[in-house]
Amino acid sequence: MNRRGSLLAILLLGASAPLLAAQAVAPHPAVAREMAGVWLPDGKRSGRLPRELPLTPEARKAADEYQRRYGPIDPTVDDANASCIPESFPYGMRLIAQYPFEVLFTPGRVTIFFEIFGGIRRIELDPRVTPRDVLPTARGRSVGHWEGDTLVVETTQVRKTGAGPYSGDPPVSLARRFVERISLGTDDEGKKQLRNEITIHDPAVLTQPLTMRMLYKWSPDIEVGEYLCQQDIWDQNVQGGPSSVPWRK
Amino acid sequence: MHERSRRVGRAGLRTITTWAMALLCPLAVAAAPDLSGRWLPVPELSSDWPDPLPLTEAARSRLAGFFADRDDPAGFCMPLGTPRNTLSGTSPLEVLQTDDRVYFVFQPDLLNAETRRVYLDGRPLPPAEKRLPTWFGSSRGRWDGSTLVVDTVDIEPQAILDGNGLSHSGKLELRERWRVARDRKYGRVLIDELTLTDPETFTRPVTQRRVFTWAPTVQFAEGQCSERLWIDSLWRQRLQEHAEAARAGHPRETPDRVGNETGAAP
């Protein structure tokens, strides 16, 4: 190759370097094509968290103190979901009510669109593109990687506020860490199934990690719809009349 | 001598072409242009509504009766809706693209995220009896060269077009042409040329242009609109308690916060 040729080749290589870097994340395995699409929770077959959580003595004390100060909990007022404030992670993943979610695979990214509260979950496969020092949010910070055909996702920075049996109500700590192992399977009717083993690590609160196994049904005929939680207050405004939610009256 | 250098020149050109092909071929195979990534609106390059607006009488009277505090759905944590989410010119945009679909995810300030799903797989619109107006509408797209042409119908008429209360009749048809271009000042930009057709609102189709600049490092905040309403409600309760206590002659002490957001268990 002559000099001009190599110079141009170097220039071209330089120009395509960012593209090559963007492609440095391992591509999605073939199984991603099968995972992409709309899924509905399989309420009957999915697991649950234990009713009694294995709390550390400090966490037990804090929980009792919380009940003493604020109890009894009135779900019509104290359930943040009823006020359209979505419960923190893993709410959308552990939900068994029949709200679908959609999984979308694009280079370097798995995006999950939940119908419930119109939530969006961004799972980055390149940890460099998502900063560590983010403020805690309801969905948290999720970073994933493939172990063969299993998508392993670690989620941190999940905020404490919110309601529910585990994800928001005290006691939880901001240091909690969720590890999901998401894979494909077949249910006992021979239908395609998405499996998610969610493990919660929260050593300040739990004496041992908790695991729940969630299952989801393949639902190609369903589209994730619009979820207008606030329709209620808007309708009150448009049409007049009381609300079904006490604090909004 | 002269002849030789021309030959070398041609050989050089061939080498360059070969290298260029080898480097660019993997990109060329992906036929559709890549709109994906994170984008920020550039108001400077975007257009404004035509002045005066070519409005019908009906649209004029709808607009005259609009009071933002009372009538703007966004003030009640409802969505901006399509095309206001695209037109607003303030919301960061993330485009997610695969072979058969392009999703436009907008994150309006303090509102919930809004996802516009555009299907490119040739699926027809739902049959007439199953069609319902939705806040984001039903969108179908196709590639016209390097331009993504998106048609949107079935848009909920409560989804107004801007914060001044410009609204449509529910028969709005939206045609958009999305493409990537290069701007001298902003570099890589995403351009959307919108045409709004609604004979019950506009006396002629109205065009708009929105431009977004490529912003790969932008992080999307999490919008929880209702939290604002919820906090307002808590404050109203607290103020009421204080007012009642003051009337009764017993000023209340503000209770201590229990727990904090930085420690472990509260």
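In this structure, B:Gln107 and A:Ile120 have side chains that are not in contact, with every pair of non-hydrogen atoms separated by 4.5 Å or more.
Counting all heavy atoms, side chain and backbone alike, A:Trp234 lies closest to B:Gln158 at NE1-OE1, 2.7 Å.
For chain A, the nearby part of B:Tyr103 is the side chain; its heavy atoms alone come within less than 4.5 Å. With a threshold of 4.5 angstrom between heavy atoms, B:Gln97 approaches chain A through N, CA, C or O but not through any side-chain atom. Both the backbone and the side chain of A:Thr137 come within contact range of chain B, judged by heavy atoms closer than 4.5 Å. Heavy atoms of A:Val224 lying under 4.5 Å from chain B belong to its backbone as well as its side chain. When heavy atoms are compared at a cutoff of 4.5 Å, B:Glu222 approaches chain A by way of both its backbone and its side chain. Within the 4.5 angstrom heavy-atom criterion, only backbone atoms of B:Asp72 (N, CA, C, O) approach chain A.
Atom CZ of B:Arg70 has more than 12 heavy atoms from other residues, nucleotides or ligands within 6.0 Å. Within a 6.0 Å radius of CG in B:Asp99, no more than 12 heavy atoms belonging to other residues, nucleotides or ligands are found. Surrounding CZ of A:Arg132 are at most 12 heavy atoms belonging to other residues, nucleotides or ligands under 6.0 Å away. Within a 6.0 Å radius of OH in B:Tyr186, more than 12 heavy atoms belonging to other residues, nucleotides or ligands are found.
By the 4.0 Å N-to-carboxylate-O rule, B:Arg117 lies too far from A:Glu223 to be salt-bridged with it. In summary, A:Glu102 and B:Arg101 engage in a salt bridge, as defined by a charged side-chain N under 4.0 Å from a carboxylate O.
Heavy-atom pairs under 4.5 Å with chain A peak, among B:Asp71, B:Thr98, B:Leu96, at B:Leu96. Between chain B and the options A:Gly119, A:Pro131, A:Ala36, A:Gly225, the largest number of non-hydrogen pairs under 4.5 Å is found for A:Pro131.
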>> Using side-chain contact (heavy atoms from CB on, under 4.5 Å), reason through B:Asn112 and A:Tyr227 one step at a time and then give a plain yes or no.
In response: CA-CA 11 Å; B:Asn112 300 335; A:Tyr227 188 88; over 6 Å; no
>> Test side-chain contact (heavy atoms from CB on, under 4.5 Å) on A:Thr111 and B:Glu94; report intermediate values, then the result.
In response: CA-CA 11 Å; A:Thr111 312; B:Glu94 177 166 58; 5.7 Å; no
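Formation of a donor-acceptor pair under 3.5 Å by the A:Glu226 side chain with backbone atoms of B:Thr134 is not found in this model. Under a 3.5 Å cut-off, the side chain of B:Gln219 and the backbone N or O of A:Val129 do form a donor-acceptor pair.
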